[in-house]
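Only one structure is covered here, and it is reproduced in the block below.
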Amino acid sequence: MLTDNFGRRFYYLRLSITDVCNFSCSYCLPDGYQCDQPRDFMSLQEITRVTKAFGQLGTEKIRITGGEPALRKDLPDIIAVCKQTPGIKKVAITSNGFKLPTHLPQWLDAGIDAINISIDSLDPRQFHSITGHDKLDTILKGIDMALASGKTTVKVNAVLMREYSGYDIKSYLDWLKDTPVTLRFIELMQTGDNLEFFNAQHVSGARIKQNLILDGWQPVIRDRSAGPAQEFYHPDYLGKIGLIMPYSSDFCDSCNRLRVSASGKLHLCLFSDQGLSLREQLQQDDIAPLKDRILSFLGDKKATHFLHDKLTGGTKHLAMLGG
Ligand code: SAM
Ligand code: SF4
């Protein structure tokens, strides 16, 4: 089992399969994707070995992420590989959903269990202005299809930004009355590239949490491979609400996840200084050396990130690693 020096166990792997993205979200890639180094992403065979190693080390859940994972043509094969890996009970994806209605049937056939889609505003014009793309209607149609399939859960990620959050929260709540998705508000995180935007737009989720509790929302019990959101339900709503608050003091205490970048580097934290290369060990069928290498790195995992000190490690933007 993957356990660090602080007794934390790692049931959850976030697997990035590309850092390329077609959107230009204002907090992530405001100038769009810039190709500043040769692309050398893990092949399907290398991904198969990574998932096998983590599955044998006790990982139960894999989230496929990016960049935009749906830009990889072999995504359905990657989902299928994760799903067939012994030990893996749940395969999830985080996507901007730009072609969700078209992609969904293939993802479902491959065995996806959970889909997270990023929707930073339910107002089409604001959505366009944040992401650079007029795709809100397509994405919402894809979400309806996913729900109707009955084969996958759907969560929606919305980054909290000072400029939008005030009036958008009401529209999200209206939507959640009749829509059985879990909406997670994510506090905007500082990264190497977004300091000015962060200073202008960061807001805490604490007030939203307080208001939800006052309005009768009640906490959902977390399972051991769950993500970092504190989730709430309400008897009058089909949907749930979660808050991801990386700036809260105990955020890292419940860390249960590790990350592998698209180029095959292990990241012990979203904000670590660098990735630790697994590439050499990914070239052989025998995964024992790969497991040994992963285990040998784990002792270096720090107790917390250093975001409070404005230290963002080597993370220029979250498209590099998938959030
Ligand atoms: N492209 C996919 C998407 O947008 O869903 C997957 C990758 S994206 C990096 C994963 C998640 O990170 C998205 O929900 C996105 O909104 C979030 N994210 C990106 N940059 C962020 C930041 N600086 N602070 C908080 N969340 C961020
Ligand atoms: Fe692309 Fe996701 Fe970053 Fe938006 S948040 S630019 S969709 S990687």
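Atoms within a ligand are numbered from 1 in the order they appear, just like the ligands themselves.
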Requested in this report: Please say whether the positively charged group of Lys177, taken as NZ for Lys or CZ for Arg, lies over the ring of Tyr237, i.e. under 6.0 angstrom from the six-membered ring centre and within 45 degrees of the axis.
Outcome: yes
Of the listed options ([options]), which comes nearest to [atom] when hydrogens are ignored and any heavy atom counts?
| atom | options | answer |
| --- | --- | --- |
| atom 16 (O) of ligand 1 | Phe98, Tyr27, Phe197, Phe198 | Tyr27 |
| atom 25 (C) of ligand 1 | Met189, Met161, Arg14 | Met189 |
| atom 2 (C) of ligand 1 | Cys21, Gly67, Gly66 | Gly67 |

Ligand 1-proximal atoms of [X], by part, heavy-atom distance under 4.0 Å:
| X | answer |
| --- | --- |
| Thr65 | side chain |
| Cys25 | neither |
| Asn194 | side chain |
| His317 | neither |
| Val159 | side chain |
| Leu188 | both |

Query raised in the report: So Phe54 and Leu2, side chain to side chain contact (heavy atoms under 4.5 Å, CB included) or not? Walk me through it.
Result: CA-CA 9 Å; Phe54 275 91; Leu2 292 162; 3.9 Å; yes
I need the nearest protein heavy-atom contact for [atom]: residue, atom name and distance, please.
| atom | answer |
| --- | --- |
| atom 9 (C) of ligand 1 | Leu318 O, 3.5 Å |
| atom 4 (Fe) of ligand 2 | Cys25 SG, 2.3 Å |
| atom 5 (O) of ligand 1 | Ser118 OG, 2.6 Å |
| atom 2 (Fe) of ligand 2 | Cys21 SG, 4.4 Å |

Query raised in the report: Just one of Ile93, Thr59, Ile62 clears the side chain to side chain contact (heavy atoms under 4.5 Å, CB included) bar with Leu15, so which one?
Result: Ile62
Query raised in the report: What is the minimum heavy-atom distance between Ser16 and Gly66, and which atoms define it?
Result: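 It is OG-CA, 3.7 Å.
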Query raised in the report: If every non-hydrogen atom of Lys301 is compared with every non-hydrogen atom of Cys255, which pair is closest and at what distance?
Result: NZ-SG, 3.5 Å
Query raised in the report: Can you name the one residue among Asn22, Thr18, Asp19 that meets side-chain hydrogen bond (donor to acceptor under 3.5 Å, both in side chains) with Tyr33?
Result: Asp19
In terms of atom number and element, which parts of ligand 1 are under 4.0 angstrom from non-hydrogen atoms of [X]?
| X | answer |
| --- | --- |
| Asn96 | 2 (C), 3 (C), 5 (O) |
| Glu187 | 25 (C) |
| Asn157 | 14 (O) |

Query raised in the report: Do any of the N, O or S atoms of Cys28 sit under 2.8 Å from atom 1 (Fe) of ligand 2?
Result: no
Query raised in the report: Do Tyr172 and Phe185 have their ring centres less than 6.0 Å from each other?
Result: yes
Query raised in the report: Between His305 and Phe251, how do the two ring planes meet: parallel, tilted or perpendicular, split at 30° and 60°?
Result: tilted
Query raised in the report: Would you call the rings of Phe98 and His103 parallel, tilted or perpendicular, where under 30° means parallel and over 60° means perpendicular?
Result: perpendicular
Query raised in the report: Can you tell me if His234 uses its side chain to pair, donor with acceptor, with the backbone of Leu212 under 3.5 Å?
Result: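 Side chain of His234 to backbone of Leu212: no pair is present.
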Query raised in the report: Below 3.5 angstrom, do we get any N/O pair linking Thr94 and ligand 1?
Result: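 Among all N and O atoms of Thr94, none is under 3.5 Å from an N or O of ligand 1.
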Query - Thr94 and Arg63 side chains, donor-acceptor separation under 3.5 Å - result: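 Their side chains do contain a donor-acceptor pair, which is all the 3.5 Å distance test asks for.
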Requested in this report: For Ala319, counting its heavy atoms only, list the atoms of ligand 2 lying under 4.0 Å from any of them.
Outcome: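 Those qualifying, in numeric order: 8 (S).
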